[in-house]
Student: 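I'd like to ask some things about the structure below.
Throughout, a chain's letter reflects where its sequence line sits, starting with A, and its residues are numbered from 1.
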2 protein chains.
Amino acid sequence: MQRQGYDATPIKQISQKAEATLGSVYHFFPGGKQELAVAAVQRGDEEFSEILREIFDGEPDPADAVLALTRSLADGLRESDWIDGCPVTATALGTAGRLPDIQRAAAEAFARWQSVVFDELRSAGVPEQDADDLACTVISTLEGAELAAQVARDDKPLRLAGTHLARLIASYRS
Amino acid sequence: MQRQGYDATPIKQISQKAEATLGSVYHFFPGGKQELAVAAVQRGDEEFSEILREIFDGEPDPADAVLALTRSLADGLRESDWIDGCPVTATALGTAGRLPDIQRAAAEAFARWQSVVFDELRSAGVPEQDADDLACTVISTLEGAELAAQVARDDKPLRLAGTHLARLIASYRS
DNA sequence: GTCTATACCCCGATAGAC
DNA sequence: GTCTATCGGGGTATAGAC
């Protein structure tokens with residue numbers, strides 16, 4: 001679903017990749033495809049939260065951390081030949097306003113990622129209101145840059161997003 | 001397709017909304033659904049290019065223009081109950097790496113929007129390299145903020161993207 | 001709990017009358 | 001050029017043996 005979106009991803013394909021039978025899938029996910037999509041979004045939530053925490057832990061300066069993060073995202077995209085984008089965007093966008101459970105899970109993912117960035121900005125000395133606002137824009141920009149890089153099959157949007165976000169963050173620290 | 005993505009949008013639904021028969025659709029779009037999607041993306045390209053030009057023409061300062069633009073996007077999203085997002089994102093993401101014609105059309109749309117922003121930044125006195133870089137990040141951030149606003153059903157990401165982009169642009173003018 | 005077979009539906013695309 | 005009927009295929013979900 002991360003790659004193709006909700007509707008283009010048949011359950012059969014999922015069960016085959018998982019080396020499970022169709023019956024098993026419906027046994028563990030009685031809610032069907034919708035429940036499966038919610039679980040996929042929640043897993044993407046946790047995966048990216050972990051990446052965020054790791055990179056911010058390794059770089060005390062949040063501006064440097066954002067630069068490292070965009071490089072990491074660019075590497076992942078290029079290595080997958082530009083098909084593994086954000087683990088929730090494709091699923092969320094294809095079901096927006098149609099399947100509320102999935103939308104809710106996606107909104108929770110975005111909110112959690114923002115809170116991770118917020119905490120790091122706070123502990124780097126950024127005032128609370130600025131940190132809250134910046135965390136929101138950091139996540140938005142990362143999402144948009146990854147999307148643009150995927151569409152263009154070029155890491156330029158991610159690289160530039162990194163440098164510009166770093167500059168923006170620095171402007172709130174001085 | 002703007003609302004639901006490529007796979008969730010049946011041609012029958014399109015033909016009904018257009019008050020055309022299925023035969024007519026295939027008469028004018030012999031390439032089938034794929035050709036239809038390319039045309040839809042190209043139309044979205046033109047629509048948003050026009051909006052960009054209008055708003056930048058009305059505001060001589062590009063930082064002010066970006067603020068007006070994010071307000072306009074937020075209004076459009078809210079009025080549609082958060083379902084009319086970017087006219088190409090959903091279509092492009094659901095077909096990335098699978099239907100190259102659609103991906104190419106989406107890449108061209110993003111590139112055209114960037115060039116519109118680039119021209120306006122140049123004519124406001126921003127140096128060429130800075131303008132090129134900024135134009136890329138402006139489009140990325142607008143895409144991401146619209147996506148985040150749609151998922152959260154809240155215009156906060158768009159509002160903050162506007163103020164932060166304005167600040168970023170201003171930092172290159174002084 | 002696991003698996004196969006299948007019910008039921010809707011998709012994209014086409015054929016062929018008009 | 002416009003329309004209806006239909007083909008072939010594949011989708012989700014379930015039934016029921018094991």
Side-chain angles (χ1 to χ4, degrees), chain A residues 1-45 83-85 87-106 109 151, chain B residues 1-45 83-85 87-106 109 151:
Chain A
M1 284 185 194
Q2 170 184 12
R3 298 182 179 176
Q4 306 171 316
Y6 183 81
D7 290 277
T9 309
I11 298 189
K12 252 182 209 168
Q13 182 183 337
I14 296 174
S15 72
Q16 282 169 4
K17 279 263 180 190
E19 296 180 64
T21 62
L22 199 57
S24 283
V25 172
Y26 277 96
H27 176 73
F28 289 104
F29 297 89
K33 194 176 188 176
Q34 221 174 318
E35 188 183 346
L36 209 51
V38 169
V41 168
Q42 286 170 345
R43 185 184 173 94
D45 175 355
I83 60 173
D84 284 345
V88 322
T89 307
T91 311
L93 208 50
T95 60
R98 194 163 49 107
L99 302 175
D101 289 355
I102 301 172
Q103 162 148 3
R104 205 168 359 254
V151 167
Chain B
M1 284 185 193
Q2 170 184 13
R3 298 181 179 177
Q4 306 172 317
Y6 183 80
D7 290 276
T9 308
I11 298 188
K12 250 181 210 169
Q13 181 182 335
I14 296 175
S15 71
Q16 283 169 3
K17 278 264 179 191
E19 296 180 64
T21 61
L22 198 58
S24 283
V25 172
Y26 277 97
H27 176 73
F28 289 104
F29 297 88
K33 194 176 189 178
Q34 221 175 318
E35 186 182 348
L36 210 52
V38 169
V41 168
Q42 286 170 344
R43 185 185 173 95
D45 175 355
I83 59 174
D84 285 345
V88 322
T89 308
T91 311
L93 249 191
T95 60
R98 193 164 48 108
L99 302 175
D101 290 355
I102 301 173
Q103 163 148 2
R104 203 168 0 253
V151 167

Student: What's the separation between atom CZ in A/Phe28 and atom CG in A/Leu36, rounded to the nearest 0.5 Å?
Tutor: 12.5 Å

Student: Would you mind classifying the nucleic acid contact of B/Gly23 as base, sugar-phosphate or nothing, using non-hydrogen atoms under 4.0 angstrom?
Tutor: base

Student: Assuming nearest nucleotide by heavy-atom distance, tell me which of B/Gly32 and A/Thr21 is located more 5' along DNA chain C.
Tutor: A/Thr21

Student: Whole Å only: how far is the CD1 atom of B/Ile11 from the P atom of D/dG9?
Tutor: 18 Å

Student: What nucleotide, of C/dT2, D/dC3, C/dA13, holds the atom closest to the side chain of B/Leu22?
Tutor: C/dA13

Student: Rounded to the nearest 0.5 Å, what separation is found between the CD1 atom of B/Ile83 and the CZ atom of A/Arg98?
Tutor: 11.5 Å

Student: Considering only D/dT2, C/dG12, D/dT12, which nucleotide approaches the side chain of B/His27 most closely?
Tutor: D/dT2

Student: Would you kindly give the NZ-to-P distance between B/Lys12 and C/dC11, to the nearest whole Å?
Tutor: 6 Å

Student: Could you tell me how far apart B/Glu19 (CD) and D/dC3 (P) are, to the nearest whole angstrom?
Tutor: 11 Å

Student: Without decimals, in angstroms, what is the distance between B/Phe28 CZ and D/dC3 C1'?
Tutor: 13 Å

Student: Picking from D/dT2, C/dC11, C/dT2, which would you name as closest to the side chain of B/Ser24?
Tutor: D/dT2

Student: The side chain of A/Tyr26 lies closest to which of these nucleotides: D/dT2, C/dT14, D/dT14?
Tutor: D/dT14

Student: What is the distance from NZ of B/Lys33 to C1' of C/dC11, rounded to the nearest Å?
Tutor: 8 Å

Student: Sort out for me which residue in B/Thr91, B/Asp7, B/Val88 forms a side-chain contact (heavy atoms from CB on, under 4.5 Å) with B/Met1.
Tutor: B/Thr91

Student: In whole angstrom, give the distance that lies between atom CG of B/Asp7 and atom P of D/dG9.
Tutor: 20 Å

Student: Any side-chain to backbone donor/acceptor pair from B/Gln2 onto B/Ala90? Under 3.5 Å, distance only.
Tutor: no

Student: Tell me the interatomic distance from B/Leu36, atom CG, to C/dC11, atom C1', rounded to whole angstroms.
Tutor: 15 Å

Student: Which heavy atom in B/Ala105 sits nearest to a heavy atom in B/Val38, and how many Å separate them?
Tutor: CB-CG1, 4.2 Å

Student: Would you kindly give the CD-to-C1' distance between B/Gln4 and C/dC11, to the nearest whole Å?
Tutor: 14 Å

Student: At under 4.0 Å between heavy atoms, what does B/Ser15 touch on the DNA or RNA strands: base, sugar-phosphate, or nothing?
Tutor: nothing

